Amino acid sequence: MHLLASTDFALRALLFLATDPERLVNTETMSRDLEISRNHLQKVVQALVAGGFARTLKGPHGGVRLARPATEIRIGAVVRHFEERQPIVACFAPEGQCVIEPICGLKGVLAGAQNQYYDFLNGYTLEDCLRSQRFLSPAP
């Protein structure tokens, strides 16, 4: 499977935040250290907040941090949050029509595979995916 760029950015941002969970990080710092466009990163952070994976604090000393411990953030839940509205094949789209639908059982097979994919990823937490407790930028 191929992840959307926004999903990739979200996973990288969460790993970045997990290296120092109490630290508030601004998107400018994250953008620079992760080498991701700040505009893209801001949209990803908004989606992470909407999904309950991150939280933000506004103001001059504000920023973003994890909404809950890395041990409670399931990789499958993050991927599903970002990918769920992306059909893996055209017939999965709400407007998707297929001329062979009456005889095709492929949709069910692919749906099952997709669910197993998310289930497999849910076997891992953000904490499981951390290799180091420090990242590129030193704490201010």
Side-chain angles (χ1 to χ4, degrees):
M1 298 196 101
H2 185 268
L3 295 178
L4 296 170
S6 58
T7 307
D8 175 31
F9 296 164
L11 292 169
R12 287 197 260 163
L14 289 171
L15 285 166
F16 180 94
L17 295 172
T19 62
D20 191 356
E22 297 305 313
R23 177 179 169 215
L24 280 168
V25 183
N26 64 41
T27 55
E28 185 175 329
T29 299
M30 285 178 63
S31 171
R32 182 190 67 236
D33 289 355
L34 293 173
E35 299 179 3
I36 298 171
S37 150
R38 187 170 180 204
N39 288 337
H40 284 102
L41 186 61
Q42 287 175 323
K43 291 175 186 174
V44 165
V45 166
Q46 288 175 348
L48 287 170
V49 170
F53 304 109
R55 64 182 183 175
T56 56
L57 181 66
K58 296 184 189 241
H61 300 290
V64 62
R65 69 169 62 146
L66 295 180
R68 54 186 190 268
T71 56
E72 296 177 15
I73 297 176
R74 297 270 165 203
I75 300 300
V78 176
V79 173
R80 186 183 294 266
H81 180 71
F82 281 84
E83 302 278 327
E84 189 165 54
R85 291 173 293 284
Q86 296 299 313
I88 61 173
V89 289
C91 64
F92 276 47
E95 69 283 351
Q97 293 293 323
C98 179
V99 296
I100 64 167
E101 188 170 359
I103 62 155
C104 182
L106 188 57
K107 189 173 183 176
V109 171
L110 292 174
Q114 186 176 35
N115 286 331
Q116 285 185 351
Y117 173 69
Y118 292 134
D119 289 346
F120 178 83
L121 292 176
N122 272 332
Y124 297 90
T125 66
L126 188 59
E127 179 72 23
D128 295 331
C129 297
L130 281 177
R131 288 191 176 184
S132 169
Q133 293 303 310
R134 295 293 301 159
F135 199 73
L136 303 172
S137 284

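As the structure is a computational prediction, the values presented were derived from the model and not from experiment.
Taking CD from Glu72 and OG1 from Thr125, the interatomic distance works out to 10.0 Å, rounded to the nearest 0.5 Å. With rounding to the nearest 0.5 Å, the separation of CG in Leu41 from CD in Glu35 is 12.5 Å. Atoms CG and CG, on Leu15 and Leu126 in that order, are 5.0 Å from each other to the nearest 0.5 Å. In this structure, CZ in Arg55 is found 5.0 Å from CZ in Arg65, a value given to the nearest 0.5 Å. Annotation: the span from Phe16 atom CZ to Leu34 atom CG amounts to 5.5 Å, rounded to 0.5 Å. With rounding to the nearest 0.5 angstrom, the CG atom of Leu24 is 11.5 Å from the OG1 atom of Thr29.
The side chain to side chain contact (heavy atoms under 4.5 Å, CB included) test with Phe53 singles out one residue from Ile73, Leu17, Val45, and that residue is Ile73. For the side chain to side chain donor-acceptor pair (under 3.5 Å) criterion with Thr7, the lone passing option out of His2, His81, Glu83, Gln86 is Glu83.
With a 4.5 Å cut-off on side-chain heavy atoms, Val79 and Asn122 do not count as touching. Using a 4.5 Å cut-off on side-chain heavy atoms (C-beta onward), Gln42 and Asn39 make contact. Residues Val44 and Ile36 are not in side-chain contact: their nearest non-hydrogen atoms beyond the backbone lie 4.5 Å or more apart. Using a 4.5 Å heavy-atom cutoff, the side chains of Phe9 and Lys43 are not in contact. Counting only heavy atoms from C-beta outward, the side chains of Leu66 and Leu14 approach each other to under 4.5 Å. With contacts defined as side-chain heavy-atom distances shorter than 4.5 Å, the pair Arg12/Asp8 qualifies.
Side chain of Glu28 to backbone of Arg38: no donor-acceptor contact under 3.5 angstrom is found.
The minimum heavy-atom distance linking Val78 with Ala10 is given by the pair CG1-CB, 4.4 Å. The heavy-atom pair separating Ala67 from Gly52 by the smallest distance is CB-O, 3.3 Å. When every heavy atom of Asp128 is checked against every heavy atom of Gly123, the shortest pair comes out as OD2-O, 4.0 Å.
Not a single side-chain hydrogen bond (donor to acceptor under 3.5 Å, both in side chains) links Ser31 to another residue, sequence neighbours left out.
Leu121 and Leu4 fall into different hydrophobic clusters, where Ile, Leu, Val, Met, Phe, Trp and Tyr side chains are chained together by heavy-atom contacts under 4.5 Å.
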